[in-house]
There are 2 protein chains.
Amino acid sequence: MPNSGSESVDDYLKAILELSGPTGGPATSNRIAQRLGVSAPSVTGMLRKLSTGNRPCVTYQKHHGARLTNEGRRRALRIVRRHRLVELFLCEVLGYSWDEVHEEAERLEHFISGKLEERIARKLGNPEFDPHGDRIPSKHGTLPKRKTVRLSEAPAGQTAVVSSVSDRDPEMLRYLQRIGLVPNRRLTVLEHAPFEGPTMVRLHGERQSRGISPKLARAVLLQEI
Amino acid sequence: MPNSGSESVDDYLKAILELSGPTGGPATSNRIAQRLGVSAPSVTGMLRKLSTGNRPCVTYQKHHGARLTNEGRRRALRIVRRHRLVELFLCEVLGYSWDEVHEEAERLEHFISGKLEERIARKLGNPEFDPHGDRIPSKHGTLPKRKTVRLSEAPAGQTAVVSSVSDRDPEMLRYLQRIGLVPNRRLTVLEHAPFEGPTMVRLHGERQSRGISPKLARAVLLQEI
DNA sequence: ATACAAATTTAGGCATTCCTAAATGTTTGC
DNA sequence: GCAAACATTTAGGAATGCCTAAATTTGTAT
């Protein structure tokens, strides 16, 4: 059964992947519970399940959180690939705007067969980025890293390309789109304001965005040029 | 909650719709169990559940099978609409062949939101027929009837249009396609053979199909001209 | 009319995934 | 070093939806 893994399992693996961050550190029960909107005891039960079997998806020590195994990371990245392919497909083929796609993709990602995944990817020309600028993992569940920094942590004078923005808040997405802060847009950070006050950025020398609050700034990832 | 209804519920409603046929007669537990590949007791339990609540989907008398209520029929037809839209979409937009789409659609039909349903329909030009020639119900869950007859029951000399073919057997579909027996194809029945031996039909005066066995013939619906 | 066969329902269970409440383990401030 | 605060796990239970085995009901054939 290469394609085992319920909707729930998919969600847990994705959550652990995202909570582990680039460091691959452990994801704690509470963070997982919070992200998935389930109770902490539910998480404990699922982690125990995921860490057993002949090819466990996570390593798990009581009270010390969970990490993905290679198998688990591969699975998680395949779900992420499907999520991002679906998002891009909805935008490119069905005229969705980028703030509408997350919810649909969150549901559909669990039900995209390998064949459908391939057809969608082919239709889109085997794309590298989703509509939010996030990289699309390979069909084998791999994703080489790039060096990125949060907008809120970028020093004044930094020139970079918007790498990605969180796709979880439609209102924020519309705001960012309105001020021109979209993926692959080149920009220069005018003022570094890590804790409060506006961060101003110049976009490609033409337009200027003001009043990016730290909260918003934290949601934007820059990729160094 | 206008959109309640699990995957299982969807499947039961669809099964009852299809087993009721044009007459709207009751669907028996065993037939439902057989079609869904579950045990008869499972069916009993689900029918009891579906027939209770403030807006029941089926009426159900012990030992006498189930019928859809208007509410139930509407729901079932909306699932069927999604199934058929997805099938057509996969063919038209993603290059699937008509014998590949059923399995995908069977899974995806449960997870198509109203918005996605509308975008797919619009992209396809609000189509009336799916790739197998089956009519696509309206978004309100209605489907006016047409007069049809099975190929196996059509008398010799009958001229008609292929209305639809069963979409459940890929091998049969490929065979029918090879001999040119596809939806909306006009044909004349040469020989009436209700029980055994081949039924021969002439297609549009040009091509001739031979060796249609009763089993295959039963899968083809003709719409009188 | 009745007994048998077929269809159907009841009874009792299992797996998944979630929950709350209570117990336990870990971390941290002083 | 220790207690309060916090994080996590255990215990016990609910809802779905499935199963098998054992009644029960229905319909039919004699």
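Just so we're clear, the structure is a prediction, and the values are computed from it rather than from any experiment. Letters A, B, ... mirror the listed sequences (proteins, then strands); counts begin at 1.
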Length of the [atom1]-[atom2] vector between [X] and [N], whole Å:
X       : N      : atom1 : atom2 : value
A:His63 : D:dT10 : NE2   : P     : 7 Å
B:Gln61 : D:dT26 : CD    : C1'   : 14 Å
B:Leu19 : C:dA7  : CG    : P     : 15 Å
B:Gln34 : C:dA6  : CD    : P     : 15 Å
B:Glu7  : C:dT17 : CD    : C1'   : 15 Å
B:Ile32 : C:dT9  : CD1   : C1'   : 14 Å
A:His64 : D:dC6  : NE2   : C1'   : 14 Å
A:Leu36 : C:dC19 : CG    : P     : 10 Å

[X] side-chain proximity, nearest of [options]:
X       : options                : result
A:Ser39 : D:dG17, C:dC18, C:dT20 : C:dT20
B:Val38 : D:dT10, D:dC18, D:dG17 : D:dC18
B:Lys49 : D:dT9, D:dG17, C:dT17  : D:dG17
A:Lys62 : D:dT10, C:dT9, C:dT27  : D:dT10
B:Met46 : D:dT9, D:dG17, C:dT10  : D:dG17

Taking only side-chain N and O atoms of [X], does any of them lie within less than 4.0 angstrom of OP1 or OP2 on [N]?
X       : N      : value
B:Asn30 : C:dA6  : no
A:Arg48 : D:dT9  : no
A:Ser42 : C:dC18 : no
B:Ser8  : D:dC18 : yes
B:Tyr12 : D:dC18 : yes
B:Ser6  : D:dT16 : no

Q | Position toward the 5' end of DNA chain C (nearest nucleotide), B:Thr28 or A:Val9 | A |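 Whichever sits nearer the 5' end wins; that is B:Thr28.
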Q. Between B:His132 and B:His102, is the gap from one ring center to the other below 6.0 Å?
A.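 When the ring centroids of B:His132 and B:His102 are compared, they turn out to be at least 6.0 Å apart.
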Closer than 4.0 angstrom, basic N to acidic O: yes or no for [X] and [Y]?
X        : Y        : answer
B:Lys115 : A:Glu100 : yes
A:Lys14  : A:Glu109 : yes
A:Arg218 : A:Glu153 : no
B:Glu118 : B:Lys139 : yes

Q. Is B:Thr69 reaching over with its side chain to a backbone N or O of B:Cys57, donor-acceptor style, under 3.5 angstrom?
A.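 Yes; judged by distance alone, with no hydrogens or angles, the pair exists.
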Q) What is the nucleic acid contact for B:Thr44, judged by heavy atoms within less than 4.0 Å: base, sugar-phosphate only, or nothing? A)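 Here B:Thr44 touches the bases of the nucleic acid.
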Q) With a 4.0 Å cut-off on heavy atoms, is B:Gly37 in touch with a base, just the backbone sugar-phosphate, or nothing at all? A)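 Sugar-phosphate, backbone atoms only, no base.
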